[in-house]
Number of protein chains: 2
Amino acid sequence: MKRLTRHRKVIKEIIYKYRDHPTAEEIYLRARMEIPSINLSTVYRNLKEMVASGDLIEFQVDGENKYRYDIAEEHYHFYCEVCGKIYDIPASKVKLSFDFEHHVKDTRIMFRGICSECAAQMEVEDESL
Amino acid sequence: MKRLTRHRKVIKEIIYKYRDHPTAEEIYLRARMEIPSINLSTVYRNLKEMVASGDLIEFQVDGENKYRYDIAEEHYHFYCEVCGKIYDIPASKVKLSFDFEHHVKDTRIMFRGICSECAAQMEVEDESL
DNA sequence: TTAATTGCAAACCCTTTGCTTCATC
DNA sequence: GATGAAGCAAAGGGTTTGCAATTAA
């Protein structure tokens with residue numbers, strides 16, 4: 001039977017509270033502030049379990065080769081190629097329809113480009129030349 | 001200066017000809033049939049280079065933790081959770097619009113679900129019970 | 001000739017696993 | 001006290017890198 005441990009609670013809270021798509025390593029570092037003795041493999045094990053139970057999703061930014069975690073709630077992502085930040089894009093901001101035979105259960109979208117902050121920053125830099 | 005080696009040519013041909021989203025390992029195994037002495041790291045090095053030059057794209061199926069390669073031409077993917085096959089979805093089959101501030105340069109979509117072949121297979125199995 | 005590319009082996013990074021110890025139920 | 005979970009350390013898988021040997025230009 002599944003037990004409610006402090007570790008599990010802390011890991012889940014980190015992901016639900018920050019919502020900044022942390023890697024396992026980042027979750028581990030944050031968790032250590034709460035539970036200094038926590039181990040990386042405990043973090044991995046719990047994440048895998050929460051993904052399996054449908055509490056979290058695990059995704060990758062193409063080219064990064066490591067997992068990032070987020071809550072399991074329909075939304076999409078925007079990855080800024082300049083600052084590396086990943087923004088949440090609510091499903092309501094995206095209109096999507098498709099026409100093919102396969103049965104779709106889940107749609108993952110990763111927009112890539114330049115976020116508005118970086119774009120603004122680049123304009124300022126251009127002007128100051 | 002970039003040189004046109006047999007290795008490079010063979011690797012590129014494998015991706016363009018089969019179009020089945022191979023991993024580096026799979027590309028390596030196929031390339032070995034043409035060039036038995038070819039090395040895995042040569043494959044990786046060339047793939048990285050072709051991704052950097054924009055000839056190929058490198059993407060990951062969430063949960064797989066390894067790269068797959070495909071030609072750099074706008075289209076999307078459907079991943080079958082039953083057979084693991086990855087189908088190409090032409091951009092023309094998908095209508096997409098979005099409403100947010102960031103500047104999008106590239107959109108990656110991975111549909112996940114059950115492909116029509118597996119769905120048909122499952123129906124047959126149901127009937128035979 | 002000479003600089004880019006290869007092969008090889010070792011290193012790397014991220015993730016998973018086996019096993020003992022710990023702690024929740 | 002059972003048994004699921006944690007800690008630790010080692011292994012695993014995929015990818016990258018340093019360097020000497022090779023080869024296209």
Side-chain angles (χ1 to χ4, degrees), chain A residues 1-15 20-70 79 84 86 110, chain B residues 1-15 20-70 79 84 86 110:
Chain A
M1 188 209 307
K2 204 159 99 176
R3 285 180 190 163
L4 194 82
T5 62
R6 174 134 178 270
H7 299 68
R8 211 145 14 232
K9 196 159 158 281
V10 165
I11 291 168
K12 197 164 180 176
E13 276 171 4
I14 287 169
I15 294 161
D20 60 352
H21 321 95
T23 62
E25 176 88 28
E26 287 163 353
I27 293 164
Y28 165 64
L29 292 174
R30 285 178 194 167
R32 252 196 346 193
M33 302 204 276
E34 297 271 324
I35 310 173
S37 68
I38 197 171
N39 190 276
L40 224 200
S41 64
T42 299
V43 173
Y44 273 110
R45 253 190 290 242
N46 277 294
L47 289 172
K48 270 267 163 291
E49 197 234 315
M50 292 183 219
V51 168
S53 72
D55 284 346
L56 302 181
I57 57 156
E58 155 183 279
F59 68 96
Q60 293 169 287
V61 174
D62 291 344
E64 272 198 346
N65 211 26
K66 60 187 161 189
Y67 294 131
R68 291 183 175 277
Y69 297 87
D70 202 353
Y79 171 74
I86 297 163
M110 179 67 75
Chain B
M1 192 209 305
K2 203 159 99 174
R3 284 180 191 165
L4 193 81
T5 63
R6 174 131 179 273
H7 299 66
R8 232 191 297 272
K9 196 159 159 279
V10 165
I11 291 169
K12 196 164 180 174
E13 275 171 4
I14 287 169
I15 294 163
D20 61 352
H21 321 93
T23 62
E25 177 88 28
E26 288 163 353
I27 293 164
Y28 165 64
L29 292 174
R30 286 178 194 167
R32 249 195 348 192
M33 303 204 277
E34 297 270 325
I35 310 173
S37 68
I38 197 172
N39 191 275
L40 224 201
S41 64
T42 299
V43 172
Y44 272 111
R45 254 190 291 241
N46 276 295
L47 289 172
K48 271 267 163 293
E49 198 233 315
M50 291 182 220
V51 168
S53 71
D55 285 345
L56 303 180
I57 57 155
E58 155 184 279
F59 67 97
Q60 292 170 286
V61 174
D62 291 344
E64 271 198 347
N65 211 27
K66 60 186 161 190
Y67 294 131
R68 293 184 174 276
Y69 297 87
D70 201 353
Y79 171 74
I86 298 164
M110 179 67 76

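Order of the sequence lines fixes the chain letters, A, B, ..., with proteins taken first and strands second; residue numbering starts at 1 for each chain.
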Respond yes when some side-chain nitrogen or oxygen of [X] is under 4.0 Å from OP1 or OP2 of [N], and no when none is.
| X | N | result |
| --- | --- | --- |
| B:Lys48 | D:dT15 | no |
| B:Arg45 | D:dT16 | no |
| A:Thr42 | D:dG7 | yes |
| B:Asn65 | D:dG12 | no |
| B:His7 | D:dT23 | no |
| B:Thr5 | C:dT6 | yes |
| A:Asn39 | D:dC8 | yes |

Can you measure [X] atom [atom1] to [N] atom [atom2] for me and round it to whole angstrom units?
| X | N | atom1 | atom2 | value |
| --- | --- | --- | --- | --- |
| B:Ile11 | C:dG7 | CD1 | C1' | 13 Å |
| A:Glu25 | C:dT16 | CD | P | 14 Å |
| B:Lys12 | C:dT5 | NZ | C1' | 17 Å |
| B:Arg6 | D:dT23 | CZ | P | 12 Å |
| B:Lys66 | D:dG12 | NZ | P | 17 Å |
| B:Tyr67 | C:dC13 | OH | P | 14 Å |
| A:Leu47 | C:dT16 | CG | C1' | 13 Å |
| B:Lys2 | C:dT6 | NZ | C1' | 16 Å |

- Message: On DNA chain C, does the nearest nucleotide to B:Leu40 precede the nearest nucleotide to A:Arg68 from the 5' side, or the other way round? Give the residue.
- Response: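 Checking each residue's closest nucleotide, the 5'-ward one belongs to B:Leu40.
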Between [options], which one does the side chain of [X] approach most closely?
| X | options | value |
| --- | --- | --- |
| B:Tyr44 | D:dA6, D:dT23, D:dG14 | D:dG14 |
| A:Ser37 | D:dT15, D:dA5, D:dG7 | D:dG7 |
| A:Ser41 | C:dT5, D:dT16, D:dG7 | D:dG7 |
| A:Asn46 | C:dA4, D:dT15, D:dA6 | D:dA6 |

Can a salt bridge be assigned to the pair [X] and [Y] using a cut-off of 4.0 Å between side-chain N and carboxylate O?
| X | Y | answer |
| --- | --- | --- |
| B:Arg30 | B:Glu34 | no |
| B:Lys48 | B:Glu58 | yes |
| A:Glu49 | A:Arg45 | no |

- First of B:Thr23 and B:Leu4 reached from the 5' end of DNA chain D, by closest nucleotide: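 The residue closer to the strand's 5' end, by nearest nucleotide, is B:Thr23.
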- Given B:Arg8, which of B:Ile11, B:Leu4, B:Thr5 fulfils the side-chain contact (heavy atoms from CB on, under 4.5 Å) condition?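 For B:Arg8, the side-chain contact (heavy atoms from CB on, under 4.5 Å) test succeeds with only one of B:Ile11, B:Leu4, B:Thr5, which is B:Thr5.
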- Rounded distance (nearest 0.5 Å) linking atom NE2 of A:His7 with atom OG1 of A:Thr42: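 OG1 of A:Thr42 is found 6.0 Å from NE2 of A:His7.
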- Query: Going from CG on B:Asp62 to OH on B:Tyr79, what distance comes out if it is rounded to the nearest 0.5 angstrom?
  - Reply: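 Result: 10.0 Å between the selected atoms.
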